[in-house]
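Since the structure is predicted, the reported quantities are computational estimates derived from the model, not experimental observations. Throughout, residue positions are numbered sequentially from 1 according to the sequence presented.
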Amino acid sequence: MLKRVKKNSNPGGKVGGGGGLSPGEIATRLVACRLTGVLDGGGVWLAVSEDVAILLNAYVVGIQEGGEATAKQTRDALGSSGADVCRVSVLLTLVEAAHYMIDWGALRIWERSKAIELSNEDFWTYCISTLPSFVPLYAAYRHFRTKSWFLRSGIIYGADFVLYERHPSEIHADYCVVVVPSSQQNEYKWKDIQAMHRLCNQISKGLMLLYVEEGPHPIPLKARNSIAVEERVIKRWDFESAKRK
């Protein structure tokens with residue numbers, strides 16, 4: 001059975017693992033970090049201090065990847081100093097980086113090979129051309145982050161994202177999210193949805209389909225706010241429970 005989720009799924013709009021901060025308050029703190037990253041293939045690399053790394057982890061931004069050697073390569077590419085401080089390497093996906101750069105203004109990005117800083121428009125164009133599913137994934141990430149959910153990749157469960165109401169170190173994920181672009185809605189059959197739902201039941205998670213109306217292709221940066229999304233939670237219909245109501 002399909003259930004439409006209420007708009008404010010996370011009561012209060014506060015982020016538990018982020019110290020009870022709203023998305024706007026987190027954005028303000030990230031802007032103060034003056035984050036700068038290097039675009040390399042399918043991700044954006046940061047070299048940050050231990051203090052900033054702790055902050056990013058608390059807000060579930062990126063993953064620590066590569067170690068001190070990678071952090072040094074990032075610093076060298078940026079021509080920055082701080083070798084004794086910025087020793088932690090953090091990797092952001094293109095979707096994450098777009099959200100924090102374009103929506104929050106908390107990130108500057110440089111292109112490694114050309115050694116130039118990218119504008120919002122440049123980075124948006126790069127993401128669309130590099131990752132075919134970028135727009136629906138970006139819309140989903142932005143939607144849930146705005147509603148104060150924490151997100152991680154859901155690839156190990158066959159999903160696009162997993163959602164946490166609090167920090168992943170505190171609780172298990174509440175939902176597996178499958179993003180359904182408008183151009184692919186007819187490709188999802190009920191037997192596929194039933195199989196996904198059964199898997200989610202086995203791992204004690206709910207299944208949520210997020211339908212995304214993409215609009216024109218390629219969608220321009222200025223039109224990103226017009227992308228419509230709709231949440232649908234899949235639940236098994238219990239005949240006995242329904243009969244008692």
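Paired with Y138 under the rule side chain to side chain donor-acceptor pair (under 3.5 Å), one option of H143, R224, E96 passes, and it is R224. Of the residues listed (V229, N225, L137), the one engaging R142 in a side-chain contact (heavy atoms from CB on, under 4.5 Å) is N225, and it is the only one. When each of L39, V38, L78 is tested with R112 by the rule side-chain contact (heavy atoms from CB on, under 4.5 Å), just one qualifies, namely V38. Among D160, L207, L163, the single residue meeting the side-chain contact (heavy atoms from CB on, under 4.5 Å) criterion with V177 is L163.
Counting non-hydrogen atoms of other residues, nucleotides and ligands closer than 6.0 Å to NE2 of H172 gives a total of 12 or fewer. Within 6.0 Å of CD1 in I155 there are 12 or fewer heavy atoms belonging to other residues, nucleotides or ligands. No more than 12 heavy atoms of other residues, nucleotides or ligands sit less than 6.0 Å from atom CZ of R198.
N57 places a side-chain heavy atom less than 4.5 Å from the side chain of H167. Within the 4.5 Å cutoff, side-chain heavy atoms of E214 are placed close to those of P136. Here the side chains of V61 and L92 are in contact, with some heavy-atom distance below 4.5 Å. Between W149 and Y164, the closest side-chain pair of non-hydrogen atoms is not below 4.5 Å. The closest side-chain heavy-atom distance from T93 to I63 is not below 4.5 Å. In this structure the side chain of Q64 reaches within 4.5 angstrom of the side chain of V88, judged on heavy atoms. With contacts defined as side-chain heavy-atom distances shorter than 4.5 Å, the pair D76/K72 qualifies. Proximity of I219 to W124: side-chain heavy atoms (C-beta onward) are separated by under 4.5 Å at one or more points.
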Evaluate side chain to side chain contact (heavy atoms under 4.5 Å, CB included) for V60 paired with L151, printing each intermediate quantity in order.
CA-CA 7 Å; V60 193; L151 292 88; over 6 Å; no
With side chain to side chain contact (heavy atoms under 4.5 Å, CB included) as the test, would you mind laying out the steps for Y211 and Q184 before giving the verdict?
CA-CA 10 Å; Y211 291 91; Q184 299 176 16; over 6 Å; no
Side chain to side chain contact (heavy atoms under 4.5 Å, CB included) between V48 and L35: does it pass, once the steps are laid out?
CA-CA 8 Å; V48 301; L35 298 174; 4.2 Å; yes
Could you check D122 against T125 for side-chain hydrogen bond (donor to acceptor under 3.5 Å, both in side chains), going step by step and ending with a plain yes or no?
CA-CA 5 Å; D122 292 335; T125 301; 5.9 Å; no
Please step through side chain to side chain contact (heavy atoms under 4.5 Å, CB included) for the pair F123 and M101, ending with a clear verdict.
CA-CA 9 Å; F123 186 59; M101 176 188 186; 3.7 Å; yes
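The backbone N or O of G24 sits nowhere less than 3.5 Å from a side-chain atom of W104 that would complete a donor-acceptor pair. Although no hydrogens or angles enter the test, the distance criterion places a donor-acceptor pair under 3.5 Å between the side chain of R75 and the main chain of C86. For S89 (side chain) and E65 (main-chain N/O), a donor-acceptor pair under 3.5 Å exists by modelled atom type. Of the possible donor and acceptor atoms, one in the side chain of D174 sits under 3.5 Å from a partner among the backbone N and O of E165. Here the side chain of S226 pairs a donor or acceptor atom with the backbone of A223 at under 3.5 angstrom.
The distance from atom NZ of K235 to atom SG of C200, rounded to the nearest 0.5 Å, is 13.0 Å. To the nearest 0.5 Å, atom CG of residue L221 and atom OG of residue S119 are 8.5 Å apart. Between atom CD1 of residue I193 and atom NZ of residue K191 there is a gap of 12.0 Å, rounded to the nearest 0.5 Å. The CG atom of L56 sits 6.5 Å away from the CG atom of L30 when rounded to the nearest 0.5 Å. To the nearest 0.5 angstrom, S182 atom OG is 12.5 Å from E230 atom CD. Within the model, atoms CG of N120 and NZ of K222 stand 14.5 Å from one another, a figure rounded to the nearest 0.5 Å.
Cluster annotation: V179 is connected to V135 through the hydrophobic network of ILVMFWY side chains, with a link wherever side-chain heavy atoms come within less than 4.5 Å. Cluster annotation: L94 is not connected to W110 through the hydrophobic network of ILVMFWY side chains, with a link wherever side-chain heavy atoms come within less than 4.5 Å. In terms of hydrophobic clustering, with Ile, Leu, Val, Met, Phe, Trp and Tyr side chains grouped at heavy-atom distances under 4.5 Å, W45 and I109 are assigned to different clusters. A chain of hydrophobic side-chain contacts below 4.5 Å, direct or via other Ile, Leu, Val, Met, Phe, Trp or Tyr residues, connects Y141 to L46. Transitive grouping of hydrophobic side chains (ILVMFWY, heavy atoms separated by less than 4.5 Å) brings I227 and F144 into a common cluster.
Using a 4.0 Å cut-off between charged nitrogen and carboxylate oxygen, K147 and E231 count as a salt-bridge pair. Between R87 and E50, none of the side-chain N atoms (NZ, or NE/NH1/NH2) sits under 4.0 Å from a carboxylate O, so this pair counts as no salt bridge. A salt bridge between D103 and R145 is absent, with no side-chain N of the basic residue lying under 4.0 Å from a carboxylate O of the acidic one.
Because its NZ or CZ atom is not both nearer than 6.0 Å to the ring centre of Y175 and within 45° of the ring axis, K205 does not count as a cation-pi partner of that residue.
Taking all atoms of both residues into account, the shortest heavy-atom contact from I128 to F134 is CG1-CD2, 4.0 Å. Taking both residues in full, the closest heavy atoms of L118 and E111 are given as CD2-CB, 4.1 Å, listed atom of the first, atom of the second, then distance. The nearest pair of heavy atoms linking A139 to V212 is CB-CG1, 4.0 Å. Nearest heavy atom pair, residue T70 against residue G66, reads OG1-O, 3.0 Å. Contact between M196 and L209 at its shortest, heavy atoms only, is CE-CD2, 4.4 Å. Heavy atoms only, all atoms of each residue included: C176 and A159 are closest at CB-CB, 3.9 Å.
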